[in-house]
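In what follows, a single structure is set out as structure tokens and then discussed.
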Amino acid sequence: MGFLQLLKSQFLCHLIICYVFLVSGLIINLLQLCTLPVWLVSKQLARRINIRLAYCISSQMVATLEWWSGTECTLYTDPKSYPLYGKENAIVVLNHSFEIDFLCGWTFCERFGVLGSSKVLAKKQLAYVPIIGWMWYFLEIVFCKRKWEEDRRTVNESLQKLRDYPENFWFLLYCEGTRFTPKKHQVSMQVAESKGLPKLKYHLLPRTKGFWVTVQSLRGTAAAVYDSTLNFRNNEMPTLLGLLNGKKYHADLYVRRIPLELIPEDEKECAEWLHKLYQEKDSFQEHYAKTGRFPGPIMSPPRRPWSLINWLFWSCLLLYPLGLLLTQLISSGSVFTIVASVAVCSAGLCHPFTGKVKPP
Ligand SMILES: CC/C=C\C/C=C\C/C=C\C/C=C\C/C=C\C/C=C\CCC(=O)SCCNC(=O)CCNC(=O)[C@H](O)C(C)(C)COP(=O)(O)OP(=O)(O)OC[C@H]1O[C@@H](n2cnc3c(N)ncnc32)[C@H](O)[C@@H]1OP(=O)(O)O
Ligand SMILES: CCCCCCCC/C=C\CCCCCCCC(=O)OC[C@@H](O)COP(=O)(O)O
């Protein structure tokens, strides 16, 4: 194991990354709260400010993936569609199979310049998660209770509000509604069987109502659906902890751009269309399992330095006062503080995660 890899596996480094994320996140949440009066004066200005503040939070997680772990992201897509990515509003349909699938999504958002404004149809519980959930409140993220009687109205209303959004956004929809597990897959295929639908091998049966309401509400606002299928090389199941440990993964994303006009307006036809889409997605995963790649040409956008610059900025800002505090504590000469500081550092260096990085 090289020195850099050893360093990345140290718990003290993880502690520093999490400290910067947590403290900067709470500061940014506070700044977002301060933009509330701006909403009263200029809604569009408040939205633009919040897009940039949100970028400061989410790009730290992207930096962990791109710059700390060095994970590579390859995009398979049609060269004719490529120039439109980031230049229009779009609904993104993605498979929900991995712990870090949302982070790979964010990485592509970052590379196409829409990270700050990116949106998702998320379960309501996530709104209460400090930092990310609170940030989402100011980004006008759409939440659902997964109770169609309520969601039908609330999801539509939230989406209608995005009609005059001042910057391009991607709206992510995990139509499977939950992350893939073998148990959920089994139940879901029983539902498919009872509905006379073909079985899927790599996906759960898509929930069609959220997709239909999204497409209908964003007609005239979003130009296309980006059908996105994600997988990782070498059958890896990446984790956030793996990224934090500096483990490098290789993500492959296959994206097809489907103009919104091609999607049926009628609810039943739209549901059939989505089921067919998931059957196609399943065949792409089968192709990947057999050949180790998706069909079509590779058009990978390079990583940009901004997420790293943002992380370095917050690190300098927040580690300097922490360093000062520690120096003062130690120079105070108190035996208790010195012993406590040494204990904290030793705990960090002897943490069980230390040195647990698997070779690639
Ligand atoms: C160029 C690069 C391109 C792309 C880059 C990629 C991505 C980047 C984009 C953006 C990034 C932005 C943000 C990412 C950041 C973070 C994301 C993190 C987390 C969010 C994750 C979540 O929260 S997922 C959970 C919430 N979301 C959803 O649930 C969405 C899907 N669900 C729906 O749409 C639902 O329909 C609903 C929620 C609207 C309503 O749910 P409800 O349950 O009330 O109704 P349903 O219609 O779904 O259910 C009844 C019908 O379902 C049938 N049924 C019953 N059991 C099952 C089963 N096990 N499986 C399937 N179907 C089942 C039942 O029979 C009913 O059938 P009907 O025939 O009556 O419809
Ligand atoms: C700079 C790096 C710092 C590292 C610190 C990491 C801290 C991470 C903190 C917050 C991350 C929040 C991301 C939210 C995305 C979670 C995805 C998710 O939860 O999907 C739920 C979905 O499956 C449905 O779940 P169930 O059907 O209820 O099961």
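Note that the coordinates shown come from a computational prediction; the quantities given were computed from them, not determined experimentally. Remember, it's 1-based here, ligands and their atoms both numbered in the order they're listed.
- Counting only non-hydrogen atoms, the option in F102, Y19, F21 that gets closest to atom 15 (C) of ligand 2 is F102.
- Q279 and D282 share no side-chain donor-acceptor pair at under 3.5 Å.
- For ligand 1 and L172, the ligand atoms under 4.0 Å from any heavy atom of the residue are 9 (C), 10 (C), 11 (C), 12 (C), 14 (C).
- Ranking protein heavy atoms by distance to atom 30 (C) of ligand 1, first place goes to Y174 O, 3.4 Å.
- Taking 4.0 Å as the cut-off, K119 counts as a neighbour of ligand 1 on heavy-atom distance.
- Using a 4.0 Å cut-off between heavy atoms, C104 makes no contact with ligand 1 at all.
- At a 3.5 angstrom cut-off on N or O pairs, H96 counts as close to ligand 2.
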**Prompt:** For Y174 and F180, what are the C-alpha separation, side-chain angles and deciding distance, and is it a ring-ring contact (aromatic ring centres under 6.0 Å, His included)?
**Reply:** CA-CA 11 Å; Y174 287 116; F180 187 101; over 10 Å; no
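- A donor and an acceptor atom, one from each side chain of Y288 and D252, are located under 3.5 Å apart.
- Closest protein heavy atom to atom 23 (O) of ligand 1: K123 N, 2.9 Å.
- Between G210 and ligand 1, a contact under 3.5 Å exists for at least one N or O pair.
- Heavy atoms of V92 come nearer than 4.0 angstrom to ligand 1 in at least one pair.
- Not a single heavy atom of M135 sits closer than 4.0 Å to an atom of ligand 2.
- Residues N156 and S217 have side chains that bring a donor and an acceptor to within less than 3.5 angstrom of each other.
- Among all protein heavy atoms, the one lying closest to atom 32 (N) of ligand 1 is R207 CB, 3.7 Å.
- Taking 4.0 Å as the cut-off, T64 counts as a neighbour of ligand 2 on heavy-atom distance.
- The proximity of K209 to ligand 1, defined as any non-hydrogen pair under 4.0 Å, involves the side chain as well as the backbone.
- In terms of protein heavy atoms, atom 19 (C) of ligand 1 is closest to L126 CD1, 3.7 Å.
- Residue Q60 has no N or O atom closer than 3.5 Å to an N or O atom of ligand 2.
- The shortest heavy-atom distance from W136 to ligand 1 is under 4.0 Å.
- Among all non-hydrogen protein atoms, the one lying nearest atom 45 (O) of ligand 1 is W148 CB, 3.9 Å.
- Between the side chains of N310 and W306, no donor-acceptor pair is found at a separation under 3.5 Å.
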**Candidate pair E140 and K161, rule salt bridge (charged side-chain N to carboxylate O under 4.0 Å, His left out), full reasoning** = CA-CA 8 Å; E140 298 165 83; K161 289 189 187 139; over 6 Å; no
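- Salt bridge annotation for E272-K276: absent, with no cationic side-chain nitrogen under 4.0 angstrom from a carboxylate oxygen.
- Remark: minimum distance from atom 13 (C) of ligand 1 to any protein heavy atom is reached at W106 NE1, 3.5 Å.
- Residue contact check for ligand 1: K195 places a non-hydrogen atom closer than 4.0 Å to it.
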